[in-house]
Protein chains: 2
Amino acid sequence: MAKEVIEKIREFNRFYTSVIGVTNDHILQSNYSLTEVRVMYEAYYSPGITARQLTSILQVDEGYLSRLIAKLVKQKIVLKKQSKEDKRIYALELSEKGKQLFSDLNKRSSEAIATLIEHLTVGERQELVRLQDSIKALLIKK
Amino acid sequence: MAKEVIEKIREFNRFYTSVIGVTNDHILQSNYSLTEVRVMYEAYYSPGITARQLTSILQVDEGYLSRLIAKLVKQKIVLKKQSKEDKRIYALELSEKGKQLFSDLNKRSSEAIATLIEHLTVGERQELVRLQDSIKALLIKK
DNA sequence: AAAAATACTTGCCTAAAGCAAGCATTTTTT
DNA sequence: AAAAAATGCTTGCTTTAGGCAAGTATTTTT
């Protein structure tokens, strides 16, 4: 395999790590860890999701996740409803407060992205999205 | 600003976070933290770099960094030479052992990338690099 | 009805990282 | 030139993220 290709990809990864870092920083100034925000993200877009499913999506220890969820429940950000059919299982979803918080966090994150691309013209922004779509298509392709 | 553009960029960032995660996992199985590897990276490409400079590059606490460097020095991975002109300052560089280790880590990382793109044709790989270069150019452009 | 599996919880522990005070050394001010 | 301020690094203390493994309740399989 061509050495330079891999080297160039790694270089891009380093570069893009810092891009992502800049936007993550904005979230991290919010008293919520990245993992907590990811839990909110999943609970928002997949209401009814279970802790078990989250561990495999987030690749995080189930014990740690259990405590993390407990914390969010205590803060009334996440609602936890025991399933009638299987009492071991709890369906998770964001409360109204949680949705509000999540939307605030999204706003922050969007502002960080906005700053990142503020120097680009409308055409360049569309070009950026197009390039990103192409990369995703290449890397996802099975 | 067009809402969808920002939303699409954020989506790509989430996607690419997982791409980077896959390759970082390979490094993390090596007993060295990401921050330690980043220190090695800087010491390798900028021999003579100081702790002070590293804190601003890596955005990490100087106390933490001080201990981290001490650990790498103890393991004889990093060499620390006190400056003659200013005794407060220490020039850092990788030892031979450190260079060897760093090259091993690089190899692992490269293997992870190789797996990531193994299903791509040579042409597609070049296309991927081209797309990444274009993104970088757009985002770096002042 | 046991036994095994599943979903979650809890106790215990480690590693990563931050904060703030401290110690030399150098630079600036008076 | 002496005092004060700044700089570069270190060290003590603490917090947080996260893992591991044993435990509990419930459900499924044998």
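Labels below follow one simple rule: chain letters A, B, ... track the order of the sequence lines, proteins then strands, and each chain is numbered from 1. Both backbone and side-chain heavy atoms feed into the values below; hydrogens, waters and symmetry mates do not.
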Salt-bridge contact Arg130(B)-Glu127(B) (side-chain N to carboxylate O under 4.0 Å): yes
SB check Glu111(B) Arg108(B) (cutoff 4.0 Å): no
Counting only side-chain heavy atoms from C-beta out, which of [options] sits nearest to [X]?
X        : options                   : answer
Arg88(B) : dA24(C), dA7(C), dC8(C)   : dA24(C)
Arg67(B) : dG11(C), dA17(D), dG18(C) : dG18(C)
Ser66(A) : dC8(C), dT9(C), dC9(D)    : dT9(C)
Ser33(A) : dG18(D), dT27(D), dG18(C) : dG18(D)
Lys80(A) : dT9(C), dT27(D), dT26(C)  : dT9(C)
Glu62(A) : dT9(C), dG8(D), dA17(C)   : dT9(C)

Separation of [X] atom [atom1] from [N] atom [atom2], in whole Å?
X        : N       : atom1 : atom2 : answer
Tyr90(B) : dA24(C) : OH    : C1'   : 9 Å
Asn31(A) : dA17(D) : CG    : P     : 10 Å
Leu92(B) : dG8(D)  : CG    : C1'   : 12 Å
Leu58(A) : dA17(D) : CG    : P     : 15 Å
Asp86(B) : dA24(C) : CG    : C1'   : 10 Å
Ile69(A) : dC8(C)  : CD1   : P     : 8 Å
Lys84(B) : dT26(C) : NZ    : P     : 13 Å
Arg52(A) : dT27(D) : CZ    : P     : 15 Å

Sugar-phosphate, base or nothing in reach of Asp61(B), heavy atoms under 4.0 Å: base
Touch class at under 4.0 angstrom, heavy-atom based, for Glu85(A) against every strand present: sugar-phosphate
Side-chain donor/acceptor of Lys8(B) to backbone N/O of Gln132(A), under 3.5 Å: no
Pairwise side-chain contact, Asp61(B) with Thr55(B), heavy-atom cut-off 4.5 Å (strictly under): no
For residues 45-54 of chain A, dump all side-chain donor-acceptor pairs below 3.5 Å to protein atoms at least two apart in sequence or in another chain.
residue  : atom : partner  : partner atom : Å
Thr50(A) : OG1  : Gln53(A) : N            : 3.2
Thr50(A) : OG1  : Gln53(A) : OE1          : 3.4
Arg52(A) : NH2  : Glu62(A) : OE1          : 2.5
Gln53(A) : OE1  : Thr50(A) : N            : 2.9

Presence of Lys87(B) side-chain N/O under 4.0 Å of dT27(C) phosphate oxygens OP1/OP2: no
dA17(C) OP1/OP2 closer than 4.0 Å to side-chain N/O of Thr35(B): yes
Earlier contact from the 5' end, DNA chain D, for Gln82(A) and Gln59(A): Gln59(A)
